[in-house]
Amino acid sequence: RATQYTCMLLSYLIERKADKEKLVMKLKQLESSMSSGRKMFRLGNMVHALVAARRTTQLPDVVPRFCLTASNLTRALYFVCDAVLWLKTIGLQPDVDKPKWRNWATKCYYFSLLMNLARDWYEISWRLEQAVQEEKTKKSFWDKHNQELNCVKCDGLRSFLLLLFQILKRHPPLLLDLVKNLCDLSGPLDTLGIYKTNPGVIGFCGVLSSLVGILTLASPHLKLKQ
């Protein structure tokens with residue numbers, strides 16, 4: 001995935017240079033190959049998404065339970081559409097309406113990301129409320145660890161942004177999950193015509209999202225717990 005989006009980003013950056021046509025073509029071919037390969041590697045992910053959906057139905061808190069279960073179910077539908085597109089690509093199902101299935105896949109992926117972001121916002125809101133309550137009980141003097149937080153009067157945009165910064169700083173898994181979901185959102189927004197960008201932006205966001213994914217795999221403690 002990181003290779004695919006790196007190729008997209010590089011080809012966008014150098015495509016206007018007159019002496020780089022062959023390199024741009026090779027990068028786009030490699031990007032296409034990586035995309036096709038990823039579709040094949042994702043064939044088993046539908047089962048994984050369904051298992052994850054079953055697991056998240058057991059969560060005690062209703063908001064994360066709903067958001068994560070809906071996210072996993074729509075992600076499973078996305079993998080179904082993706083598998084159909086892969087069959088079209090390799091020629092096993094030549095009659096498949098590719099634009100229609102790609103549109104369905106993008107909508108499923110988009111909704112899944114929105115549910116993940118809703119869950120992230122719920123986590124942030126809960127911690128914001130908790131921080132405000134702590135602030136109300138600690139008015140006498142500053143704590144060294146919470147110096148910036150304790151000097152804030154919780155009113156206004158500046159106070160909100162400072163609180164948000166402090167919370168994300170203290171909870172790296174939540175920050176990384178938020179960054180990854182926001183970066184992943186650039187592709188569906190462009191494909192669905194909600195917010196048009198360009199391959200450079202999508203490529204950069206894809207590389208950043210992939211690096212976050214690699215980091216959370218290498219260091220599981222940085223992955224946001226369900």
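Side-chain atoms are counted along with the backbone in the values below, which use heavy atoms only and exclude waters and symmetry mates. Only a predicted model underlies this, so the values are computations on that prediction, with no experimental measurement involved.
In terms of heavy-atom proximity, A105 sits nearest to Y78 at O-CD1, 3.2 Å. Here the shortest heavy-atom pairing between A2 and I214 reads CB-CD1, 4.5 Å. Closest of all the heavy-atom pairs between A70 and F111 is CB-CE2, 4.3 Å. In terms of heavy atoms, K225 sits closest to P220 at NZ-O, 3.7 Å.
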### Task
Could you give me the CA-CA distance, side-chain angles and deciding distance for R1 and S209, then say whether side-chain hydrogen bond (donor to acceptor under 3.5 Å, both in side chains) is met?
CA-CA 9 Å; R1 187 175 190 269; S209 170; 3.2 Å; yes

### Task
Take L178 and L117 through the side-chain contact (heavy atoms from CB on, under 4.5 Å) test and state the conclusion after the steps.
CA-CA 7 Å; L178 180 64; L117 285 169; 3.9 Å; yes

#### Entry: side-chain contact (heavy atoms from CB on, under 4.5 Å) assessment of Y110 paired with I194
CA-CA 11 Å; Y110 176 61; I194 299 172; 3.6 Å; yes

### Task
List the steps and the verdict of side-chain contact (heavy atoms from CB on, under 4.5 Å) for L27 and T6.
CA-CA 9 Å; L27 286 171; T6 300; over 6 Å; no

### Query
Given the rule in the side-chain contact (heavy atoms from CB on, under 4.5 Å) test, do L85 and K98 qualify, once you have shown the distances and angles that lead to the verdict?
CA-CA 7 Å; L85 289 170; K98 191 173 182 178; 3.8 Å; yes

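The hydrophobic clustering, which links ILVMFWY residues whose side-chain heavy atoms are closer than 4.5 Å, places L113 and V80 together. Residues W121 and L176 fall within the same hydrophobic cluster, defined by Ile, Leu, Val, Met, Phe, Trp and Tyr side chains chained together at heavy-atom separations under 4.5 Å. A single hydrophobic cluster is seen to contain both L189 and L114, as judged by linkage of ILVMFWY side chains at heavy-atom distances under 4.5 Å, directly or through other members. Cluster annotation: V179 is connected to L174 through the hydrophobic network of ILVMFWY side chains, with a link wherever side-chain heavy atoms come within less than 4.5 Å. Under the 4.5 Å side-chain heavy-atom criterion for Ile, Leu, Val, Met, Phe, Trp and Tyr, M34 and L10 are members of distinct hydrophobic clusters.
Atoms OG1 and CZ, on T191 and R102 in that order, are 8.0 Å from each other to the nearest 0.5 Å. Separation of atoms CG (L77) and CG (L50) is listed at 8.5 Å; rounding is to 0.5 Å. If you take CG on L224 and CG on L175, they are separated by 11.0 Å, rounding to the nearest 0.5 Å. In this structure, CG on L23 lies 10.0 Å from CD on E21, to the nearest 0.5 angstrom. Taken from OH in Y109 to OG1 in T74, the straight-line distance is 11.0 Å, to the nearest 0.5 Å. Atom CG of L128 and atom CH2 of W126 lie 11.5 Å apart (nearest 0.5 Å).
Atom NZ of K20 is surrounded by 12 or fewer heavy atoms from other residues, nucleotides or ligands within 6.0 Å. Within a 6.0 Å radius of NZ in K22, no more than 12 heavy atoms belonging to other residues, nucleotides or ligands are found. Enclosure of atom CZ in R38 by more than 12 non-hydrogen atoms of other residues, nucleotides or ligands within 6.0 angstrom is indicated. In the displayed structure, Y122 atom OH is contacted under 6.0 Å by more than 12 heavy atoms of other residues, nucleotides or ligands. Counted within 6.0 Å of CZ on F204, heavy atoms from surrounding residues, nucleotides or ligands total 12 or fewer; the atom is thus considered open.
A 4.5 Å side-chain heavy-atom check between S186 and D190 finds every atom pair outside the cut-off. Looking at heavy atoms from C-beta onward, F66 lies in side-chain contact with M115 at the 4.5 angstrom threshold. You'll find the side chain of R65 reaches within 4.5 Å of the side chain of V62, heavy atoms only. No side-chain heavy atom of N72 sits under 4.5 Å from any side-chain heavy atom of V51.
Distance alone, capped at 3.5 Å, is enough to place a donor-acceptor pair between the N181 side chain and the D177 backbone. Under the 3.5 Å distance criterion, the side-chain polar atoms of S210 are matched with a main-chain donor or acceptor of G206. Of the possible donor and acceptor atoms, one in the side chain of T216 sits under 3.5 Å from a partner among the backbone N and O of V212. Counting only distance, with no hydrogens or angles, the side chain of S36 and the backbone of S33 share no donor-acceptor pair below 3.5 Å. The backbone N or O of V201 lies less than 3.5 Å from a partner atom in the side chain of N198, making a donor-acceptor pair. Proximity of a side-chain donor or acceptor of S35 to a complementary backbone N or O of E31 within less than 3.5 Å is not detected.
A donor-acceptor pair shorter than 3.5 Å cannot be found between the side chains of D120 and N116. Remark: the T69 side chain and the T56 side chain contain an N/O donor-acceptor pair separated by less than 3.5 Å.
Using a cut-off of 4.0 Å between Lys/Arg side-chain N and Asp/Glu carboxylate O, K180 and D184 are scored as salt-bridged.
Between R42 and the options K39, M46, M40, a side-chain contact (heavy atoms from CB on, under 4.5 Å) holds for only K39.
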